[in-house]
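Heads up: the structure comes next, in structure tokens.
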Amino acid sequence: MKTLSENVSFAGMQGVYSHQSTSCQCEMTFAVYLPPQAKKGPVPVLWYLSGLTCTHENAMTKAGAQAWAAEAGIAVVFPDTSPRGTDVADDAAIDLGQGASFYVDATQKPWAPHFNMWSYIADELPALIFEKFNLLQTAQGITGHSMGGHGALTLAMNRPEQYKSLSAFAPIANPTSAAWGQKQLTEYLGDDRAKWAKHDATLLIEKTGYPGHILIDQGADDQFANLLKPEKLAKAIEKSGQPGSFRMQPGYDHSYFFVASFMEDHIQHHAAILHRD
């Protein structure tokens, strides 16, 4: 692991690091914020998955998570959104290829050699950060925005024993029935829709749900609502009786101004569960 930068932030440390990934077969960059409490002992960790076109840097610099994480005593990990490099497959569209992994393990050419972000996020990167940083492996939460909200919801519902707390900001909620989803799942996983189901939060809520309380915030003026399908997820939560809060926020759009406005609530949501457990 290489240290690219480290900066004191709210008495903690915001670091950026890189390593050679075996899952993605390329150099991967990620960021970790350690709160000041980590100097005295291991702390819970919150995974933040970013959306289309983003890197580790977007949320690290725009979400305002460090102040609230320092107050709550939890670390935050900001992974990249996809493998990258000149030998990594890509596409001219912003919603496919580099920066647009949809957090799946691709099985189709030309994506399969590198686009294994499900395994990278769930297995490889955790193994690295729990070795290198003062974190509690038994106290992990996960959240994310847009494509990252989709990733957070689907990872947590498939691995509830790993992720003890869950939230999302404006997630891609029903990708098997939306333009943001059908295109990418076909490209990465093929035409067999049965293989798509584990990557659709609405279908997962209807089938298995999540054992804890889910917090979801959605901007009522989100310019991408027709691609996100928030109404499908809200109906599934209501119909299934899933414990959770689906909050439609008047006036807010899809931007990081929206994310930063409710980051405190999400940090507190995770901290209350992770410190309790």
Side-chain angles (χ1 to χ4, degrees), residues 1-88 90 98-101 103 114 116-117 120-137 139-148 151-152 169 255-257 259-260 263-264 266-267 270-271 274:
M1 188 182 78
K2 302 175 185 177
T3 299
L4 303 183
S5 65
E6 288 186 330
N7 301 92
V8 175
S9 177
F10 297 97
M13 182 64 70
Q14 178 62 68
V16 179
Y17 311 93
S18 69
H19 72 117
Q20 186 66 31
S21 166
T22 56
S23 299
C24 299
Q25 299 184 43
C26 66
E27 190 84 1
M28 295 291 289
T29 302
F30 65 96
V32 177
Y33 177 70
L34 293 175
Q37 295 86 341
K39 299 171 186 175
K40 298 180 180 179
V43 296
V45 57
L46 175 62
W47 295 85
Y48 182 99
L49 306 185
S50 291
L52 288 167
T53 75
C54 293
T55 69
H56 69 281
E57 190 173 15
N58 297 72
M60 182 184 77
T61 59
K62 296 179 181 180
Q66 291 85 352
W68 307 119
E71 184 176 294
I74 65 173
V76 185
V77 180
F78 307 94
D80 202 347
T81 56
S82 79
R84 297 180 190 274
T86 56
D87 62 339
V88 175
D90 201 8
Q98 296 185 36
S101 72
Y103 300 102
H114 299 284
N116 296 299
M117 287 297 289
Y120 178 72
I121 296 295
D123 297 315
E124 183 182 357
L125 189 55
L128 178 65
I129 68 159
F130 289 120
E131 175 189 349
K132 299 293 186 181
F133 301 100
N134 209 9
L135 306 173
L136 284 169
Q137 189 169 357
Q140 298 181 65
I142 191 165
T143 189
H145 173 230
S146 193
M147 180 186 71
F169 299 87
S255 70
Y256 263 96
F257 295 108
V259 173
M263 181 56 70
E264 179 184 8
H266 285 248
I267 294 285
H270 290 277
L274 297 177

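What you are looking at is a predicted structure, and each value in this text was computed from that prediction instead of being measured.
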Would you say that Leu4 contacts Tyr17 through its side chain, given a criterion of any heavy-atom pair below 4.5 Å between the two side chains? no
Any chance you could measure Thr22, atom OG1, to Asp123, atom CG, to the nearest 0.5 Å? 10.0 Å
Test Val32 against Val76 for side chain to side chain contact (heavy atoms under 4.5 Å, CB included), laying out the working first. CA-CA 6 Å; Val32 177; Val76 185; over 6 Å; no
Side-chain donor or acceptor of His114 paired with backbone N/O of Cys24 under 3.5 Å: yes
Closest approach of His56 and Ala31, non-hydrogen atoms and distance? CD2-CB, 4.0 Å
Report yes if the side chains of Leu49 and Thr143 come closer than 4.5 Å at any heavy-atom pair, otherwise no. no
Return each pair, listed once, that meets salt bridge (Lys or Arg N to Asp or Glu O under 4.0 Å) where at least one residue sits in residues 49-59; pairs must be two or more places apart or across chains. none
Is the shortest side-chain heavy-atom distance between Ile74 and Val45 below 4.5 Å? no
Working to the nearest 0.5 Å, report the span between CE of Met1 and CD1 of Ile129. 10.0 Å
List in chain and number order the residues that pass side chain to side chain donor-acceptor pair (under 3.5 Å) with Ser50, two or more places apart in sequence or in another chain; answer none if no residue qualifies. none
Donor-acceptor contacts under 3.5 Å from residues 62-71 side chains, at least two apart:
residue : atom : partner : partner atom : Å
Gln66   : NE2  : Gln14   : OE1          : 2.8
Gln66   : NE2  : Met60   : O            : 2.8

Give, for atom CG of Leu135 and atom CG of Leu46, the distance between the pair rounded to the nearest 0.5 Å. 11.5 Å
With the side chain counted from C-beta on, respond yes when Gln140 and Phe130 share a heavy-atom pair under 4.5 Å apart, and no when they do not. yes
Who pairs with His270 by side chain to side chain donor-acceptor pair (under 3.5 Å), at least two apart in sequence or on another chain? Ser165, Ser167
For Gln98, is there any backbone N or O sitting under 3.5 Å from a side-chain donor or acceptor partner on Ser82? no
Would a 4.5 Å heavy-atom cut-off, applied to side chains only, mark Trp47 and Pro126 as touching? yes
Do you know which two heavy atoms are closest between Gly73 and Pro35, and how far apart they sit? C-CG, 3.9 Å
Hey, does Met13 have a side-chain heavy atom less than 4.5 Å from the side chain of Tyr33? no
Closest contact, heavy atoms only, Thr81 versus Gly51: CG2-O, 3.6 Å
Within-4.5 Å side-chain heavy-atom neighbours: Tyr256 and Thr61: no
On a heavy-atom basis, the closest approach of Thr55 and Asp80 is CA-OD1, 3.3 Å
Minimum-distance pair of heavy atoms, taken over all atoms of Ala38 and Asn134: O-ND2, 2.9 Å
Non-neighbouring partners of Ser101 that pass side chain to side chain donor-acceptor pair (under 3.5 Å), sequence neighbours left out: none
Do the two ring centres, one from Phe78 and one from Phe30, sit under 6.0 Å apart? no
Can you pull the salt bridge (Lys or Arg N to Asp or Glu O under 4.0 Å) pairs that have at least one residue in residues 15-35, sequence neighbours excluded? Lys2-Glu27
Over all atoms of both residues, closest heavy-atom pair of Ser21 and Met28: CB-CG, 3.6 Å
Could you check, using the six-membered ring where one of them is a Trp, whether Tyr48 and His145 have ring centers closer than 6.0 angstrom? no
Report yes if some heavy atom in the side chain of Pro44 is under 4.5 Å from a heavy atom in the side chain of Leu136; otherwise report no. yes
